[in-house]
Protein chains: 2
Amino acid sequence: MARKTGSHAEITGPKVRAAAQKLFARMGYAAVSMRRIAEEVGVQAGALYLYTPDKQTLLYDLMKSHMEELLAAWAAAEKGGDPLARLEAFVRFHIRFHLERPDAVFIAYMELRNLEAENFARIEALRKAYEDELEAILADGRAAGLFDVPDTKLATLALIAMLTGVNTWYREGGRLSRERIESIYLDMALGAVGAEAGRARAMAAPCREAE
Amino acid sequence: MARKTGSHAEITGPKVRAAAQKLFARMGYAAVSMRRIAEEVGVQAGALYLYTPDKQTLLYDLMKSHMEELLAAWAAAEKGGDPLARLEAFVRFHIRFHLERPDAVFIAYMELRNLEAENFARIEALRKAYEDELEAILADGRAAGLFDVPDTKLATLALIAMLTGVNTWYREGGRLSRERIESIYLDMALGAVGAEAGRARAMAAPCREAE
DNA sequence: GTTCTATATGAACGGGCGTTCATTTCAAAG
DNA sequence: CTTTGAAATGAACGCCCGTTCATATAGAAC
């Protein structure tokens, strides 16, 4: 019926999703009408219902895909190593992944309250799973005496908030390269969890004066 | 005509603002109708226009008041002292101030895109002014050799994102007291900017093994 | 007791909303 | 060719939107 890469095909599922993602990110779910999405696709409003059962599902699918991609990408990227190396990998991965899909990230953070209850619960579970990945690294690092974190849950949330914050100000072609941004945030993240050995600082003197 | 603490008075300006703030925070500006706000106040929709020229102004006033209160409160709270003491004051102030007004904070972060262009610019200017307060502390601290921040602007945005993140998970009566949360975040903030002397860690050994 | 005025009502305005559906279109299969 | 059936239209559904305005209400001032 729908959903197949059909014969007539050109305007198919992916197009509707792409249009919805772009518009939801720019104007917000509640402020975007199905007619506006249809216009973006180049179609009349009724035709959208060949590709999605309703507007809510459109939002939910975007958020679900994003979170699943995030988890899959991290699972694929994760390298072994000590907690410090894993933390570095996580920080760089998180920033890179999020900077590559600003629209999806924006929607995932801003439109949670427009999800119906069950959909909200499902997305939250995925988010929790991602947070758990970082928390495990921090817990391992603390157990190994590498990190100084009084509360791994708090540190997890603090780090993720800090890292995701990059998306609010980063603009393509800005003053700093992504690589440079990653490195600066990595240093801050390491400092925040007390992983001082990991910081590449030219700090000889402060050692004795500390305390 | 309106706006005066009139005789009949009970349902006046502040009530409309309070109702709008509560509803905007819970459901989002675009998803809240004037009729819903009126219902919250206990009045018919038309009566709202005695207290606000339109819905947009209602949103703008809420955000403007919030940002002005924030700046005023910080100006009143700021104590002199070295950059380290000022950073501690800022961190504690920020968390405390934001945890005390979750609805206003939520609106200030989520509804920016629903502001008309000029209103958006005015709010952004206020936000910038607040960020500048923190950046000045970081710049002074770096100049004094107390902080290790390669880029004060980035560090400012990273810290504010981290601190404001508390609002996304804090719930009244949770596992940790506000004071404890403040202290943990303070330690992370100090670590992030390389203000190691400020951390109350029992760390003697790592000094030599660093690098 | 009359006037005044701030406060509120409730109907109405034009318009947009999400969604449905009978109908049309048209490339491919027979 | 004819038939098929997925793809798309466009009109229609009932409903809610922000805002306006003529009208009503009722306490304060005189």
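Nothing here was measured: the structure is a model prediction, and the numbers come from that model. Quick note: numbers below take in every heavy atom, side chains included, and nothing from hydrogens, waters or symmetry partners. Naming convention: chains lettered A, B, ... in sequence-line order (proteins, then strands); numbering from 1 in each chain.
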Colleague: What about A:Tyr109 and A:His66, are their ring centers closer than 6.0 Å?
Modeller: no

Colleague: Taking only side-chain N and O atoms of A:Ser33, does any of them lie within less than 4.0 angstrom of OP1 or OP2 on C:dG16?
Modeller: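 Answer no for this pair, as no side-chain N or O of A:Ser33 is under 4.0 Å from OP1 or OP2.
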
Colleague: Are A:Asp132 and A:Lys128 close enough for a salt bridge, meaning some N to O gap below 4.0 Å?
Modeller: yes

Colleague: Is there a side-chain polar atom (N or O) of B:Tyr49 under 4.0 Å from OP1 or OP2 of C:dA8?
Modeller: no

Colleague: Does the plane of the ring in A:Phe93 sit parallel, tilted or perpendicular to the ring in A:Phe90? Use 30° and 60° as the thresholds.
Modeller: tilted

Colleague: Go nucleotide by nucleotide along DNA chain C from the 5' end; which of A:Val32 and B:Gly46 gets its closest nucleotide reached first?
Modeller: B:Gly46

Colleague: So which of A:Leu87, A:Leu146, A:Leu84 actually passes side chain to side chain contact (heavy atoms under 4.5 Å, CB included) with A:Val193?
Modeller: A:Leu87

Colleague: Can you tell me the distance, in whole Å, between the CZ atom of A:Arg35 and the P atom of D:dA11?
Modeller: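 Distance check: A:Arg35 CZ to D:dA11 P gives 12 Å.
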
Colleague: Rounded to whole angstrom units, what separation is found between the CD atom of A:Gln44 and the P atom of C:dC17?
Modeller: 13 Å

Colleague: Please state how far atom CG in A:Leu50 lies from atom P in D:dT9, giving the value in whole angstrom units.
Modeller: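 These atoms are roughly 9 Å apart.
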
Colleague: Find the distance A:Asp54:CG to C:dC17:C1' and express it as a whole number of Å.
Modeller: 14 Å

Colleague: For the pair made of CE in B:Met34 and P in C:dG15, what is the distance, rounded to whole Å?
Modeller: 20 Å

Colleague: Please state how far atom CG in B:Asn114 lies from atom P in D:dG18, giving the value in whole angstrom units.
Modeller: 12 Å

Colleague: To the nearest Å, how far apart are B:Arg36 CZ and D:dG18 P?
Modeller: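 Nearest whole value for this atom pair: 12 Å.
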
Colleague: Grab the CG-C1' distance between B:Leu58 and D:dT19 for me, whole Å please.
Modeller: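 That distance rounds to 14 Å.
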
